[in-house]
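Worth saying up front: this structure is predicted, and the values here are computed from it rather than measured. Quick note on labels: first sequence line is chain A, next is B, and so on, each numbered from 1.
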Amino acid sequence: MTMKPHQSGLTRRGLLQGATAMTAAGLILPASMTAARAEPKKGGILRVGIGHGSTTDGMDPGLWDNLYAQVFAAARHNQLIEVDANSQLTPEIAESWESADGQTWVFKIREGVSFHSGKPVTVEDVIASLNHHRGEATTSAIKPLMAPVTDIKADGQNVVVTLDAPNADFAYIMSDYHLAIMPAVDGKIDVQSTDGCGGYVVDSYEPGVQATLSRNPNYWKSDRAHFDGLELLPILDSAARLNALMTGSVDVIDQVDPATIDMLAARGGNRILSIPGTAHYTFPMDSRAAPYNDNNVRLALKYAIDRQELVDKILAGHGQVSNDNPIGPANRYFNPDMEAKTYDPDKAKFYLKEAGLDSLDVTLTAADAAFSGAVDAAVLFSETARAANINITVDRAPNDGYWDNVWMKQPFCASYWGGRAVEDHMFTTAYATGGAWNDTFWENERFMELLVGARSVVDEDKRREMYHEMQHLVSFEGAAIIPMYNNYVMAVADAVATPEKISTNWNLDGFRCTERWWFA
Amino acid sequence: MGHVWKMVGQRLALGVLTLFIVSVVIFGATELLPGDLARELLGQSATPETLAALRAQLGLDQPAPVRYWNWLSAFLQGDFGVSMANRRPISDLISARLGNTIFLALYAAALAVPISLTLGILAALWRNSIFDRAANVGALSAISFPEFFVAYILVLWLAQTGLFPSMVRINPTTEFGDKLYMAFLPALTLTLVVTAHMMRMTRAAIINLLASPYIEMARLKGLSPMRIILRHAVPNALAPIINVVALNLAYLITGVVVVEVVFVYPGLGQLMVDAVSNRDIAVVQAVALIFAAAYVLLNLLADVLSTLSNPRLLHRR
């Protein structure tokens, strides 16, 4: 039931592809209509029904791990840097930032911003908020992302961050949702506090039941946070979520069950938002274990899966085929030129023969905890693989404890990634040699050479070329089958107006629907 | 009357022992589950270092018997402790939800008990008639469908037409009348689920008595069938009826998580499920003890009431 934390899928250059895809999904109004679109206006109480959230949700920003915690946090907090709907980095609490060498980063902290309590946001608050996620004793989920940071210090109104090696993409990390700026007391943030500098002030919060918020009258962004108030409701059951929207109990729901999308759309009074992001579903194989240690076996499996069928049946068309590529079309350096792996049993048989095998028997462990429809996807995979003399036994595991007992323990299983802010994050997190979450245990010398090299390359074309080669390596030599990118599917009541572009970076408009949307 | 008080005392002492055993079993069962709170909180993004740090912070690095003892000694001093997952006092977490759960249980019971007793008595009175068969078939059908199915059907008929809300959004400040209105669909769902059991037990207990010689006597005296049942049969049938009502009340308190989920009702069931799936042992223990205590107390109440309703037990020689 919990969504596992991942980095986002924003892009600087991927806007064009993202926009094309959204138009294809019928989400962007023609330019002539958008010109007539009304300006945002203030007022109303937005009620959001979210498919996550539990009584055990805590306030510690290092442990925010589900969509409810993320949307709730985005309503009350700001970060140093925001990712806007066009997937560009936008100043938030950091007014500007710069780095001469990619190793020392200077963030200029905005003046005149205050917390809900009235206390001004200071450099010390920022440093304490960042330090909460690093150091020996931290329990933060993003400790590995902050590990390269060797020093954070104040310099007047600036915060100076020093890294152990140059990283041209470091500013992206500062947009991570865990890095909320919170008030510091004696150099530490109070993780139990709901005080923030975001657009809404928390009136009440009962974990797993509801949170109510009202607009922050002193919010420094004048063109944001249009609602008078918010009610954030965890509604875990997808049918209950649908009912709540249809009976007018809520205005927005997320994670619409693909099977019900058409019925909901036909009913009227609401509209579906289907946003292609960088999130993707995977079947990782343990590249150290036989038979997956032979790349021919891995290729055979990759050609034995019918990707289009999975998109059509598991996602009801709300997604795109992936070519075993963790970098999505919404990413900056997406490689569109790789040879597509269509379902081809003959080719799969060919690779089996190359591996010296006539047939292959493997077990694929799956549970819907990995992604909604994972067990069905595994069964479909086993059906299509049979034509290539590959017998896949689908082992259904319980949802409970899936990440503990199956993922990275079983040699072949189902999983998912939320996509990553930048290519480097995605690769470092899940494909780098020795990475804590390298769920395929894949090791590739050339890949590592490119990965480390690209971090300090400034020339755009050169970087693109390097990232394209890395994607090719992961796709054709890697050990993860990545059949599809899944869309974020939400439904809103007709009264809710959304900007013409909805962020491809995370669900519910980058968690910021409460700040960016309004009542028409 | 003295022996009734003695029985209450004995049963309460046994109840405390039961609760202690329950707490040991629940603790052990939670230990058997794979993973722990730290692992669940960090999820897929856990690394060995952050896991170790979080375990140390939560005290999960200590051996299980030590953790159990720490919990028990605090509990015996009246301290429920704090939820390990979000550091909120467990008494805060539970109090509002316990109130909601009891409200829903009583609401459902207030609907279900009169309906099932009336139906049961009438079915006994007109046994083997069309009414008897219809009541049986109706009640058995309602209990045969899974709760969530009954709930969805009611949502389809009564919520989507706008008569009643499909989501129950109550908080401590909600007016009583609004509460009754908003909680109607979950209460009706539960009523449909528990009616069959109570109704059929009432019917069977009464029919069982109708074969007795003293009822035969009453009939020969020319009493009306209704009077025979109400005046002569029901008082003697009370013991089994009270027991089945108590059992169903306990079920209404402890077993309604599915209904809570469908109607987004903030009760104890959802708290228990969240706590188990996150391995938040302190919360699991607290809720489990409340559930166990509900069973112990309701069963005791049922026994006391059936003793009081039976003069032979009340005035033992």
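For chain B, the nearby parts of A:Ser54 are the backbone and the side chain; heavy atoms of each come within less than 4.5 Å. Residue contact with chain A, scored on non-hydrogen atoms closer than 4.5 Å, is absent for B:Tyr265. Heavy atoms closer than 4.5 Å to chain A are found in both the backbone and the side chain of B:Val261. In this structure, chain B has a heavy atom under 4.5 Å from the side chain of A:Val250, while its backbone stays farther away. The part of A:Asn405 that comes within reach of chain B is its side chain, from C-beta onward, which places non-hydrogen atoms under 4.5 angstrom from that chain. Looking at B:Arg55, neither its backbone nor its side chain comes within 4.5 Å of chain A, counting heavy atoms on both sides.
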Item checked: Test log, rule side chain to side chain contact (heavy atoms under 4.5 Å, CB included), inputs A:Val209 and B:Arg97 -> CA-CA 10 Å; A:Val209 181; B:Arg97 285 170 176 270; 3.0 Å; yes
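Nearest heavy atom pair, residue B:Val264 against residue A:Ala240, reads CG2-CB, 4.2 Å. When all heavy atoms are compared, the tightest approach of A:Ala244 to B:Met167 is CB-SD, 3.4 Å.
Atom CG of residue A:Asn243 and atom CZ of residue B:Phe263 lie 9.0 Å apart, to the nearest 0.5 angstrom.
In the displayed structure, B:Tyr181 atom OH is contacted under 6.0 Å by more than 12 heavy atoms of other residues, nucleotides or ligands. Other residues, nucleotides and ligands contribute more than 12 heavy atoms inside 6.0 Å of the NZ atom of A:Lys409.
Listed options A:Met59, A:Met408, A:Glu231 were ranked by heavy-atom pairs under 4.5 angstrom with chain B; first place goes to A:Glu231. Of the residues considered (A:Leu233, A:Asp60, A:Val191), A:Leu233 shows the highest number of contacts with chain B, using heavy-atom pairs under 4.5 Å.
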